[in-house]
Number of protein chains: 2
Amino acid sequence: MTFDLKDCGTCPIRHRAVCARCESDELEILESIKFYRSFEAGQPVIWSGDSMDFVASVVTGVASLSQAMEDGRTQMVGLLLPSDFLGRPGREFAPYDVVAVSNLTLCCFRRKPFEKMMLNTPHIAQRLLEMTLDELDAAREWMLILGRKTAREKIASLLTILARREASLALQTAQSGTSFELPLTREAMADYLGLTLETVSRQVSALKREGIVQLEGKRKIIIPDFDLLVAETGDDADGGVMV
Amino acid sequence: MTFDLKDCGTCPIRHRAVCARCESDELEILESIKFYRSFEAGQPVIWSGDSMDFVASVVTGVASLSQAMEDGRTQMVGLLLPSDFLGRPGREFAPYDVVAVSNLTLCCFRRKPFEKMMLNTPHIAQRLLEMTLDELDAAREWMLILGRKTAREKIASLLTILARREASLALQTAQSGTSFELPLTREAMADYLGLTLETVSRQVSALKREGIVQLEGKRKIIIPDFDLLVAETGDDADGGVMV
DNA sequence: CTGCTTTCTTGATCTGGGTCAAAGCGCAGA
DNA sequence: TCTGCGCTTTGACCCAGATCAAGAAAGCAG
């Protein structure tokens, strides 16, 4: 795959440096239909059912996809970190609520021309297929978490996932001693994990008490021994979906 | 999309009748790399981690994808009904256990030539992208079920999903008075829903006792009033993921 | 510094669904 | 016809996590 949405489509700074095909027509088209949008933490990006005339990828910050039941119960069904893709070519209405969890910048492409371009440039459909398959794998890992794990295992799994993603953004693998800023409130963590915020708070406190994680303030997580944390997830040691 | 895997790739009986492009090269290639495999109910199709040299689509029967934790807890993460696609181009090892839930026939394509063909025929990647996006939506609906619904709502949701899929295979929409054969054991339903089989049994009995469903034997489900069942799912009336 | 709000923690109590145990049911094979 | 086995149902009991209810901590505006 020589054409990479992550490098070429998302970020005009990166793609010039990285991608051999950058001077191609596709890129020119992408550039011409591209615009940026920013959101403050907590702001809605789009509501379920709204018409959505763009697709986008996350440049900085974190967004969540969630589904709500009419009695107010909500379940987060997707967590978008930088380089993740938002939206579905060929679909007019948003199927989920999208909310900026932290301050957020999106790189948007107008949907119609994006779709048209997809028809002519197979690389993009193929790249998008790959990304979607990865997302499907992540969703399925998440289903195991929701369906079968205990509250403690859920918290450990979430922290592991976030630590791994955080590390991979820096082109590293998660290691002992790493620390990262939790981009989620306790309530958002609860929505992610199918728990209540009280249970989240209790389990985080328990992991802290037992020295499996350290906290600096409410949001900064330090992982003194990564294997110790992974042991709490209930997964086998190699962990995560295999690729 | 003139080229449709569901009609053209899966089933040599249907595609001749349905698809205008049937005499094309792609079809010839597909035919040349195609073979069928059958499995009895309960048989494994492939284990997580095994090398998988084909992709396939389901012709008849039901297959499940599941993930197991090493202590034996398992969570079903995908349910494949006729016309669903199995496997991932570009990936050598199976990430999940695939099991034939009922008697099962797969229409398989050797993976390498299938991948090669995908590079030349954008229709296939695009069609596959659509199917994958639908699967992702289904997975996300499932996450809401797993994370936030009560046992009773979970059962009602599963029955609703199965009734809808059953109906759509017959090119209809689910209606009051429909009946269908449950393709899943109580244990498989439990694995699907993140419950124990005892709880599944109790909740099915409760729905029966209250006249929301009727049972003929253990497996034949009759839905006297579809809206009554949908009301038990906790979803809003129009139901399901919107398209 | 003070008061207000939002977020988080902790405690007490309750309950839905898990766990363990024992039958029922239906069918294939002898 | 009987027997055995896999699937399902039902009962009794228990516990992880939900719910309800205070507070504590951290920001932030004035």
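Note on naming: letters A, B, ... go to the chains in the order of the sequence lines (proteins, then strands), and numbering restarts at 1 for each one.
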Margin query: Regarding B:Arg91 and A:Asp137, does a basic nitrogen lie under 4.0 Å from an acidic carboxylate oxygen?
Written below: yes
Notebook entry, point to check: Starting at CZ of A:Arg152 and ending at P of D:dG17, how long is that distance when rounded to a whole Å?
Noted result: 11 Å
Notebook entry, point to check: Parallel, tilted or perpendicular for A:Phe54 and A:Phe35, by the 30°/60° rule?
Noted result: perpendicular
Margin query: What contact category does A:Gly194 fall into here, base, sugar-phosphate, or nothing, at under 4.0 angstrom with non-hydrogen atoms?
Written below: sugar-phosphate
Notebook entry, point to check: Looking at side-chain heavy atoms only, is the closest gap between B:Leu144 and B:Arg148 below 4.5 Å?
Noted result: yes
Next item on the list: Look at the side chain of A:Glu198 and decide which nucleotide, out of D:dT19, C:dG17, C:dC20, has an atom nearest to it.
Entry: D:dT19
Check: Between C:dT9, D:dT9, C:dG17, which nucleotide gets closest to the side-chain atoms of B:Leu215?
Finding: D:dT9
Notebook entry, point to check: Under 4.0 Å between a side-chain N or O of A:Thr199 and OP1 or OP2 of D:dA18?
Noted result: yes
Check: Touch check for A:Leu197, heavy atoms < 4.0 angstrom, all strands: base, sugar-phosphate only, or nothing?
Finding: base
Check: Expressed in angstrom and rounded to an integer, what is the separation of B:Leu193 atom CG from C:dG17 atom C1'?
Finding: 13 Å
Margin query: Does D:dA18 have OP1 or OP2 under 4.0 Å away from a side-chain N or O of A:Thr196?
Written below: yes
Notebook entry, point to check: Is the shortest heavy-atom distance from the side chain of A:Val59 to the side chain of A:Tyr36 under 4.5 Å?
Noted result: yes
Margin query: For D:dT8 and B:Arg219 - does any side-chain N or O of the residue sit under 4.0 Å from the phosphate oxygens OP1/OP2?
Written below: yes
Item checked: Heavy-atom donor-acceptor pair, B:Arg186 side-chain to D:dG6 base, under 3.5 Å -> no
Notebook entry, point to check: Does OP1 or OP2 of D:dG6 have a side-chain N or O of B:Thr185 closer than 4.0 Å?
Noted result: no
Next item on the list: Look at the side chain of B:Ala151 and decide which nucleotide, out of C:dG17, C:dG18, D:dA18, has an atom nearest to it.
Entry: C:dG17
Notebook entry, point to check: Between B:Leu184 and B:Met189, which heavy-atom pair has the shortest distance, and what is it?
Noted result: CB-CG, 3.8 Å
Next item on the list: Looking only at side-chain atoms of A:Leu195, point me to the closest of D:dA21, D:dT8, D:dA18.
Entry: D:dA18
Item checked: Base C:dG16 paired with B:Arg202 side chain (donor-acceptor, <3.5 Å) -> no
Notebook entry, point to check: Do any side-chain nitrogens or oxygens of B:Ser201 fall under 4.0 Å of OP1 or OP2 in D:dT9?
Noted result: yes
Note to self: Can you work out whether A:Val200 or A:Lys218 has the more 5'-proximal nearest nucleotide on DNA chain D?
What the structure shows: A:Val200
